[in-house]
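The structure under discussion appears below in the form of structure tokens.
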Amino acid sequence: MIQTVVKRDGRIVGFNDLKIQAAIRKAMLHTDRGEDEALIGRITDHIAMKGRSQMSVEDIQDAVEVELMKSARKDVAQKYIAYRNQRSIARKAKTRDVFMEIVNIQKNDVTRENANMNADTPAGMMMKFASESTKPFVDDYLLSEDVRDAVKHNLIHVHDKDYYPTKSLTCVQHPLDHILNRGFVAGHGSSRPAKRIETAAVLACISLETAQNEMHGGQAIPAFDFYLAPFVRQSYKEELKNVEQLTGEDLHHLMDAEIDDYLERDLSDLSGDERMKQHAINKTVNRVHQAMEAFIHNMNTIHSRGGNQVVFSSVNYGTDTSAEGRCVMRELLKSTYEGVGNGETAIFPIQIWKKKRGVNYLPEDHNYDLYQLACKVTARRFFPNFLNLDASFNQSEQWHADDPERYKWEVATMGCRTRVFENRFGDKTSIGRGNLSFTTINIVKLALECRGTKDEEERVNLFFAKLDYLLELTAKQLDERFQFQKTAFAKQFPLLMTKLWAGCEQLGPNDTIEQVINQGTLGIGFIGLAECLVALTGHHHGESEASQQLGLRIVSYMRDRANDFSERYHHNYSILATPAEGLSGRFTKGDRREFGVIEGVTDRDYYTNSNHVPVYYKCSARHKAEVEAPYHELTRGGHIFYVEIDGDATHNPEVIMGVVDMMDRLNMGYGSVNHNRNRCMDCGYENADAHLETCPQCGSTHIDRLQRITGYLVGTTDRWNHGKLAELKDRVTHT
């Protein structure tokens, strides 16, 4: 007697004979002779009684075919067999259609899911084949039923689901000094510790690239200036030794000489030790500049993840006031300003200037001149972005200006926006830590489900009840993924779990990563606050103070529940202002099918990114900042603020400084400025002409606009998905 059934996805469910009856009846209805309830009953009973205690769906259907063929109703058997074949073909057809879109390099939201991945190359195609094959496996075998149901009904999105089976983590802030001072083993070869600036820059690249292949998210260096500074002095000493060999003089007394700054100077009016010292400085500056050029070039050309994507890399810097640290920053900024190749803007690494009063923000601060240079570079090249260390939530009690390792207590961020700082299980630091995984809630759909409630107070209360359920479900799902991730062995991540992750030194190759993984964070993200508020109140937070208060109430509630989950599950839960790329259109498309076109909610092809004021809403930069600023303190998992300006910003770095001043006044955490930048896709020429149609350098008409998509740049909008292209078209400037 049949008791349980093994479904096609591997799940085991109780036997239900009504499903056999329904299938036979459906076949009979497609024949001329119609239904025969007696035959249906006899076949069903026979199969149920004679079958094994556990059978697969396919075995049961085979048994139905046999019984129908033995009966007088061969016509029903024919229809039943034909229906089974059609269903089998339909199941395969969906996969076939997706695969053929990849094969034919069609531009759609599958092949353009990640704008910095070239899905048209053989390696890129293999990645997409693997990705699209893996996601159904995760749905069927790794997600619990309630989570799978929420995903299916467009309520949540599990990010990087294709990487779920690998047990990989999202991102990490590299303690680069571990690599530079100790060396590491990558693959079949090992790297010795660095001795000069060129080697240090190369090892930084290798560290980022190697870890990228072990993780599914981005890689960042939290204190690029501090980490590389010692190798500037070592290179200076090497140059002095070269002079000693050339002249035969003993210059040992100059090795540790005080150097105020590494600036090139003409030697013609210098003599003696001063001339020798300056010559070594000049040579060192030139080497640092070349090392920074090579670093940027490598980060835009070295591929990872099967050879189809450059490393999603970020570097944080700005607070090292030593002459050597300043030299690293100055030459990195100069190289960025000059551009790569034919002078085009470098896409990676995303550069982040760590702004700090008393260090680099005020005119009397030691690194103020480099801050001015950073703003000049941003005005031309989009980067660096600006991280506000003076924001109340970005400070640590352990930070002291006279601490030579103060960078350990400075928050650092991934360029896209992901932030890791607070920690229930160790030091409050960003170093050696990152996000483990994150899942985004579709708060717009929750609001749409409440539209039938006429009274606004009741409608809002219903929304919060639905939100609470979904927050509980998301926290559970993230814990389930954590429980799966923690079973990975350290040897599965040969660099990450030997040199980079906090506490990894205590792990052996065959130890699981369980004892260190909790240093990371679990992110609960959200998208479309603006559309959610329109659905609930008729107005978004940029146009209504009442809606703004409701928006803050919603995100505050999410923050409070995340804190509750941290206590209950013993994890570092945080709220993330999701950097939605492919998701911005995916949620919208599903909700529009279900609820129709609703003005201000589903009438565009995308939902507004996280808590931002809609890109199409015309307002001043100050108003946008005042609306978005309070959300930064609530979204400790990551946030970002943008101002869109018109025209050529190259010669107007003051506007960049004005935005940073605004961030400072409003206690914002992280942000930057978007502006015009055209790129000739044939020769690399760039300018800021708003109406450029023909390249003045090579005559090409293949002109594209360099744009920021969620936190990072994309070299061509040709790789943007449908939703983000629609958003780009709607963007207005803030003046």
Side-chain angles (χ1 to χ4, degrees), residues 107 112 115-116 293 296-297 300 333-351 353 372-386 415 606 614-621 624 640-660 662 671-722 724-735:
K107 295 179 183 178
R112 298 298 182 261
N116 269 308
E293 279 186 332
I296 295 172
H297 181 271
N300 285 275
L333 287 166
K334 284 182 177 180
S335 297
T336 304
Y337 189 84
E338 292 165 2
V340 296
N342 292 315
E344 60 262 31
T345 297
I347 305 303
F348 287 110
I350 302 171
Q351 298 182 37
W353 177 267
Q372 290 178 303
L373 177 58
C375 291
K376 176 182 176 181
V377 175
T378 297
R380 184 179 186 188
R381 301 296 189 183
F382 292 89
F383 297 142
N385 298 341
F386 295 89
Y606 59 90
V615 298
Y616 54 81
Y617 183 66
K618 188 69 175 177
C619 64
S620 68
K624 185 176 189 291
I640 201 163
F641 166 71
Y642 289 129
V643 170
E644 298 277 345
I645 64 173
D646 198 6
D648 188 352
T650 303
H651 304 294
N652 191 14
E654 290 76 16
V655 73
I656 310 297
M657 300 180 80
V659 170
V660 178
M662 191 161 55
S672 198
V673 177
N674 292 339
H675 47 81
N676 289 345
R677 201 74 193 162
N678 303 306
R679 171 179 285 180
C680 173
M681 301 308 294
D682 291 327
C683 75
Y685 173 82
E686 290 183 9
N687 74 10
D689 184 350
H691 306 290
L692 184 67
E693 300 291 338
T694 303
C695 175
Q697 183 165 286
C698 74
S700 171
T701 57
H702 190 193
I703 307 296
D704 202 358
R705 183 71 61 84
L706 186 63
Q707 291 287 349
R708 203 186 303 260
I709 189 165
T710 60
Y712 58 88
L713 294 177
V714 178
T716 170
T717 56
D718 186 54
R719 294 184 189 169
W720 287 35
N721 62 63
H722 183 71
K724 294 306 288 187
L725 282 173
E727 184 216 272
L728 175 62
K729 184 178 179 182
D730 286 349
R731 290 180 185 178
V732 298
T733 57
H734 309 105
T735 56

Is there any salt bridge (Lys or Arg N to Asp or Glu O under 4.0 Å) pair reaching into residues 372-386, and which pairs are they, with sequence neighbours excluded? Arg381-Glu686
What pairs with Thr378 under side chain to side chain donor-acceptor pair (under 3.5 Å), at least two apart in sequence or on another chain? none
Return the minimal non-hydrogen interatomic distance between Val732 and Glu644, and the atom names on each side. O-CB, 3.4 Å
Got a second to check how far Lys624's NZ is from Cys619's SG, nearest 0.5 Å? 7.5 Å
Under the ring pair (Phe, Tyr, Trp, His ring centres under 6.0 Å) test, which residues partner Phe641, sequence neighbours left out? none
Nearest heavy atoms of Val643 and Met662, plus distance in Å: CG2-CE, 4.3 Å
Under the rule for side-chain contact (heavy atoms from CB on, under 4.5 Å), what residues qualify as partners of Asp689, not counting sequence neighbours? Asn678, Asn687, His691, Leu692
What pairs with Tyr337 under ring pair (Phe, Tyr, Trp, His ring centres under 6.0 Å), at least two apart in sequence or on another chain? none
Phe382 vs His675, test: ring pair (Phe, Tyr, Trp, His ring centres under 6.0 Å). Steps then yes/no. CA-CA 8 Å; Phe382 292 89; His675 47 81; 4.3 Å; yes
So do Cys680 and His702 actually touch side chain to side chain, heavy atoms under 4.5 Å? no
How far apart are the closest heavy atoms of Trp353 and Ala374, and which atoms are they? CE3-CB, 3.9 Å
Heavy-atom closest contact (Thr345 atom, Arg679 atom, distance): O-NH2, 2.6 Å
Give, for atom OH of Tyr685 and atom SG of Cys698, the distance between the pair rounded to the nearest 0.5 Å. 10.5 Å
Looking at every non-hydrogen atom in both residues, tell me the closest pair between Val377 and Thr336 and how far apart they are. CG1-CG2, 3.7 Å
Under 4.5 Å between any side-chain heavy atoms of Asp646 and His734, yes or no? no
For Asn300, check side chain to side chain donor-acceptor pair (under 3.5 Å) against everything at least two apart and list the hits. none
For Val615, which residues count as a side-chain contact (heavy atoms from CB on, under 4.5 Å) partner, sequence neighbours excluded? Tyr606, Glu727, Asp730, Arg731
Residues passing the side chain to side chain donor-acceptor pair (under 3.5 Å) test with Ser700, sequence neighbours excluded, are Asp682
Should Ile645 and Val655 count as side-chain neighbours, where that means a heavy-atom distance under 4.5 Å? yes
Residues in side chain to side chain donor-acceptor pair (under 3.5 Å) contact with Gln372, at least two apart in sequence or another chain: none
Backbone of Leu373 reached by a side-chain donor or acceptor of Lys334 within 3.5 Å: no
With sequence neighbours left out, the residues meeting side-chain contact (heavy atoms from CB on, under 4.5 Å) with Val340 are Ile296, Glu344, Ala346
Specify the closest pair of heavy atoms between Cys683 and Gln697, including all atoms of both residues, with the distance to one decimal. SG-NE2, 3.5 Å
Do Cys695 and Thr701 have side chains that get closer than 4.5 Å, going by heavy atoms? no
